[in-house]
Amino acid sequence: MQGNLFLYNTLTKKKELFSPLNHPHVGLYVCGPTVYGDAHLGHARPAITFDLLFRYLLHLDYKVRYVRNITDVGHLENDADEGEDKVQKKARLEQLEPMEIVQRYTNSYHNNMRELNVLPPGIEPRASGHIIEQIEMVKEILANGYAYEVNGSVYFDVDKYSEKYHYGILSGRILEDMMANTRELEGQDEKRKPWDFALWKKADKDHIMRWPSPWGEGFPGWHIECSAMSSKYLGEQFDIHGGGMDLLFPHHECEIAQSVAWHGKEPAARWMHNNMITINGQKMGKSLGNFITLQELFSGRHILLSKAFSPMTIRFFILQAHYRSTLDFSNEALQAAEKGLERLFSAFRVLQQLKPSDKSTFAVEEFEKKCYEALNDDLNSPVLIAQLFEGVKLFHSMKEGKDGLKEAELQKLVNLFQLFLFDILGLKETNEGAENGVFNSLVDLILDIRLQAKTKKDFQLSDHIRDQLTKLGFEIKDTKDGYEWTRK
RNA sequence: GGUCGGUUGGCCGAGUGGCUAGGCAUCGGUCUGCAAAACCGGGUACGGCGGUUCGAAUCCGCCACCGACCUCCA
């Protein structure tokens, strides 16, 4: 009944039958966040996409080792090899230790992920905890002749690599084109070629995050961390490497080159990339400054939001689009997702209370088959969700006695809904978000009544309301045309 | 400029040669003291122009527009 899972492989640009290298084990590596700021809506997409994959693989009885890293060093600003380390920069701005920044935003990320009901990965390695492995790898790439040292830094020699291997195999990029398009900058760089990338960088005297190495004190390049950590926990070759499409080049291309230069084999059997979330048709991103953090979404405190949206609404919003399509954010789209999800939940409540009938008028098997087909077709969650909505109509019709199911089939349908809606799509009913919204609205309502009383000069009532609310821990501030409130 | 992808009804978003998802909004109805909610139902969209075909949103060509990557980004 479960059928065969087909997944799109960025490497071959085709949907391919999934079959693990070492059945029933599956090695899954996903690029996690660089922890120098709060997670935004964009971060939720790969997390949820690969959470869906993780959950489905588990359901299919695979033994999945899921590794998702935390990048806490080596990720530079601006130019990949000249900018300041992102974490260090944030630490400097906030006058904190880099590791305090790392801890703060790692915690924040974990909280957000928990709220989104994203299962924690089996291993969550940090780059700074794997310096030795990275140094070892750089040493071996050097020994194999695919890197060179300059002034305390080590760079990957793309030209040398290209003599024997295909640099650009993943991204489809052609080195000659890159050469043709690379003007200026040559000469002023210690790299031999502009497209060479850093494996190890010498730390200048102001650089805080530094480790000893055979080439002097320095820190690892961004790409090498993922190669070192994935190979450490998943072996030289593993099943699936995932991440955002924006990491395809250069990050993932470089990972392949590093692994091949190291042991002659590509690291991952298949690559999966989620598409971007857009806002007004443009990519949502830190550098563009048009992002909305998850915290802002959950609290509603953002100029583009009319209200708070629960984590489950965000999750559902993301799952309503296929992971390889761009998904356009808007307040309106979020409201639509919220209502749709609520309808699905309330339909499930109806389902649970249905009584068996003496005959069945609905093909539960067919329904199950269609649900699996959707997932097997490269994790087509929107089609799965559409299937579930077919159920919504059915449940109401059954409630009115127009349709019916025998006991065994009814139970099966309940189980299927439980499986697809909750276990695999990872949605869950919580009232937290809704209650928060209700709470805020109630306070607003009370203060509206107070404002009316004030307008009518009924100061006894208006003061009574303010005093009582103050006692309860609210701070009320009257403004020119209304009020503001906060809760201590 | 190079590489890749996209353009679907008011909005979000599937699909991919004929069976023309789904959600939200809207409109009509049931229900209801009124309203809301809930439920039922209606509305047949695929950037433009050509071509292939009995038949194209779906294949091919050209054009237009948008975006991603090429520099950090999930």
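A, B, ... follow the sequence lines: proteins, then strands. Residue 1 opens every chain.
- Map S397(A) and F329(A) each onto its nearest nucleotide of RNA chain B; the residue landing nearer the 5' end is F329(A).
- Of the P atoms belonging to rU26(B) and rG10(B), the separation is 15 Å, rounded to the nearest Å.
- One C1' atom belongs to rC24(B), the other to rG43(B), and the distance between them is 15 Å to the nearest Å.
- Where M245(A) and H322(A) each meet RNA chain B at their nearest nucleotide, the meeting point lying more 5' is that of H322(A).
- Using a 4.5 Å cut-off on side-chain heavy atoms (C-beta onward), V73(A) and P220(A) make contact.
- In this structure, of rC72(B), rA74(B), rC69(B), it is rA74(B) that holds the atom nearest to the side chain of I277(A).
- Considering only side-chain N and O atoms, N380(A) lies under 4.0 angstrom from the phosphate OP1 or OP2 of rG15(B).
- A distance of about 27 Å separates the P atoms of rC27(B) and rU20(B), rounded to the whole Å.
- Between F367(A) and F420(A), the distance from one ring center to the other does not fall under 6.0 angstrom.
- Residue D328(A) places its side chain closer to rG13(B) than to any other of rC72(B), rG13(B), rC39(B).
- Separation of the C1' atoms belonging to rC31(B) and rA36(B) is 12 Å when rounded to the nearest angstrom.
- Across all strands shown, S325(A) has heavy atoms under 4.0 Å from sugar-phosphate atoms exclusively, and none from any base.
- Comparing the same atom, C1', in rG6(B) and in rA14(B) gives a spacing of 15 Å after rounding to whole Å.
- Residue T326(A) is classed as a sugar-phosphate contact, given heavy-atom separations below 4.0 Å to backbone atoms only.
- Spacing of P atoms, rU30(B) relative to rC66(B), comes out at 49 Å, to the nearest Å.
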Completion exercise
Given protein heavy atoms under 4.0 Å, the one-letter contact record of nucleotides 19-32 of chain B, with B base, S sugar-phosphate only and - none, is simply --BSSSS-------

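- Note on G42(A): a base of the nucleic acid sits closer than 4.0 angstrom, heavy atoms only.
- With a cut-off of 3.5 Å on both pairing distances, rU53(B) has no Watson-Crick or G-U wobble partner at all.
- Note: L319(A) CG to I385(A) CD1 = 5.5 Å, rounded to the nearest 0.5 Å.
- Going from the C1' atom of rG22(B) to that of rG13(B) covers 8 Å, rounded to whole Å.
- If you check every strand for non-hydrogen atoms under 4.0 Å, M276(A) touches a base.
- Using the six-membered ring where Trp is involved, F395(A) and F417(A) have ring planes that are perpendicular, over 60° apart on the 30 and 60° scheme.
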Practice task
Test S325(A) against N275(A) for side-chain hydrogen bond (donor to acceptor under 3.5 Å, both in side chains), laying out the working first.
Solution key: CA-CA 6 Å; S325(A) 301; N275(A) 214 319; over 6 Å; no

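- In this structure, L170(A) places its CG atom 14 Å from C1' of rC70(B), rounding to the nearest Å.
- The C1' atoms of rA45(B) and rU7(B) are separated by 13 Å, rounded to the nearest whole Å.
- L327(A) comes within 4.0 angstrom of sugar-phosphate atoms only, judged by non-hydrogen atoms across all strands, and of no base.
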